[in-house]
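We use all heavy atoms of the structure for the numbers below, so side chains are in, but hydrogens, waters and symmetry mates are not.
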Amino acid sequence: MTIESPTDEGLTRRHQATAAIGAFTATGELPRLREALTDGLDAGLTISEIKEILIQMYAYAGFPRSLNGLGTFMALLEERRTNGSSDPTGADPTPLAAGTNILDVGTDNQTRLAGAPVTGPLFDFAPTIDEFLKTHLFGDIFTRDNLDWPSREVATVAALAALGGVESQLQSHLGIALNIGLTETDLRALVTVMRTRVGQAPGDRLGDILDRVLADRRG
């Protein structure tokens with residue numbers, strides 16, 4: 001796993017490709033996803049890292065989008081191999097220790113990401129979704145260390161901005177992104193990436209909600 005460091009412009013080329021992969025997986029725009037996947041490989045993302053982005057997207061955009069993304073990536077890799085390219089495989093995630101309590105791990109991960117324990121009326125109303133979030137999303141997925149947390153959040157924020165209609169979740173994930181080390185400069189650069197590579201509307205949506213999140217943090 002490579003942990004990303006920002007450039008002077010705010011986002012590495014790897015993170016820019018990660019954003020595009022997340023966005024186009026979520027929207028199902030497979031020709032544009034293929035271009036983003038190619039850019040990701042050329043920018044140095046490993047096969048393992050890209051597969052992990054595509055896998056994680058099912059938690060936000062559903063299994064059909066994730067499966068279509070993985071199929072697109074598989075076909076691209078086969079074509080590149082046929083043409084003589086040798087893309088780095090990358091590392092597999094570290095297995096969890098036997099006996100790991102995934103609910104405890106997921107609850108701890110969620111608290112670290114959000115900056116505080118996550119509670120509320122929605123989770124009291126539907127405690128099963130609270131358990132699923134803790135055990136599966138923040139447990140099973142976020143413990144997989146072949147993709148670092150900032151990269152996961154870049155992909156997630158881009159996907160939610162591209163989807164639209166999920167502004168509350170987008171706002172929450174922007175808060176998470178700031179909590180785990182992405183800066184205002186990084187996220188402003190992500191807005192630019194969304195506008196230039198994905199579309200004006202999702203970029204504007206992300207920019208508006210980012211302004212709101214930053215204003216709330218400044219009090």
Value rounded to 0.5 Å, distance of CD1 in Ile55 from CG in Leu70: 6.0 Å

Heavy atoms from other residues, nucleotides or ligands near CZ of Phe132 exceed 12 (cutoff 6.0 Å): no

Atom of Met194, atom of Gly203 and distance for their closest heavy-atom approach: CB-CA, 3.7 Å

Note, Met57 side chain near Phe24 side chain (heavy atom, < 4.5 Å): no

Salt bridge (Lys or Arg N to Asp or Glu O under 4.0 Å) partners of Glu153, counting only residues at least two apart: none

Minimum-distance pair of heavy atoms, taken over all atoms of Leu41 and Leu45: CD2-O, 3.8 Å

Side-chain (Trp149) to main-chain (Phe142) donor-acceptor, under 3.5 angstrom: yes

Leu11 backbone acceptor or donor facing Gln16 side chain under 3.5 Å: yes

Pairing of Arg197 and Asp39 as salt bridge, 4.0 angstrom limit: yes

Nearest non-hydrogen partners of Thr18 and Ala155, listed with the distance: CG2-CB, 3.8 Å

Whether Arg144 side chain and Pro93 backbone form a donor-acceptor pair below 3.5 Å: no

Check: Asp104/Thr107 side-chain N/O donor and acceptor closer than 3.5 Å: no

CZ on Arg13 to CG on Asp42, rounded to 0.5 Å: 5.5 Å

Single-linkage hydrophobic cluster Phe125~Val118, side-chain heavy atoms < 4.5 angstrom: no

Ion pair check, Lys134 and Asp130, cut-off under 4.0 Å: yes

Full working for side chain to side chain contact (heavy atoms under 4.5 Å, CB included) between Leu178 and Leu214: CA-CA 9 Å; Leu178 291 164; Leu214 294 170; 4.0 Å; yes

Set of residues satisfying side-chain hydrogen bond (donor to acceptor under 3.5 Å, both in side chains) with respect to Lys51, sequence neighbours excluded: none

Donor-acceptor under 3.5 Å (Ser172 side chain, Ser168 main chain): yes

Passing candidate, side chain to side chain contact (heavy atoms under 4.5 Å, CB included) with Ile209, options Leu170, Leu160, Val157: Leu170

Gap between atom CD1 of Ile47 and atom CG of Leu37 - 0.5 Å precision: 11.5 Å

Side chain proximity check, Leu54 to Leu67, heavy atoms < 4.5 angstrom: no

Donor-acceptor under 3.5 Å (Arg32 side chain, Val198 main chain): yes

Path from Leu137 to Val105 over hydrophobic side-chain contacts below 4.5 Å: no

Charged N-O contact under 4.0 Å between Asp211 and Arg188: yes

Nearest-0.5 Å distance that lies between atom CG in Leu103 and atom OG1 in Thr135: 6.5 Å

Path from Phe138 to Leu122 over hydrophobic side-chain contacts below 4.5 Å: no

Nearest non-hydrogen partners of Ala162 and Pro202, listed with the distance: CA-CB, 3.9 Å

Atom pair CG (Leu113) and CD1 (Ile176), whose distance is rounded to the nearest 0.5 Å: 5.5 Å

Under 3.5 Å: donor-acceptor pair, side chain of Asp145, backbone of Thr94: yes

Check: Ala91 main-chain N/O paired with Ser48 side-chain donor or acceptor under 3.5 Å: yes

Side-chain H-bond candidate by donor/acceptor type, Gln56 with Thr156, under 3.5 Å: yes

Any donor-acceptor N/O pair, Ser151 side chain to Leu147 backbone, under 3.5 Å: no

Residue pair Leu190 / Leu187, side-chain heavy-atom distance below 4.5 Å: yes

Criterion side chain to side chain contact (heavy atoms under 4.5 Å, CB included) on Leu33 and Thr27, from CA distance to verdict: CA-CA 9 Å; Leu33 173 59; Thr27 60; over 6 Å; no

Rounded distance [0.5 Å steps], CD1 in Ile21 versus CD in Glu52: 12.5 Å

Considering all heavy atoms, the nearest Asn146-Glu49 contact: O-CG, 3.4 Å

Stepwise side chain to side chain contact (heavy atoms under 4.5 Å, CB included) test for Glu79 and Met74: CA-CA 9 Å; Glu79 181 179 312; Met74 186 169 61; over 6 Å; no

Sidechain-backbone polar pair: Arg65 side chain, Ala26 backbone, donor-acceptor under 3.5 Å: yes

Asn179 side-chain N/O to Ala114 backbone N/O, donor-acceptor pair under 3.5 Å: yes

Distance-only side-chain donor-acceptor flag, Thr183 / Asp186, under 3.5 Å: yes

Ion pair Glu78/Arg81, N-O distance below 4.0 Å: yes

NZ/NE/NH1/NH2 to OD/OE distance under 4.0 Å, Glu184 and Arg217: no

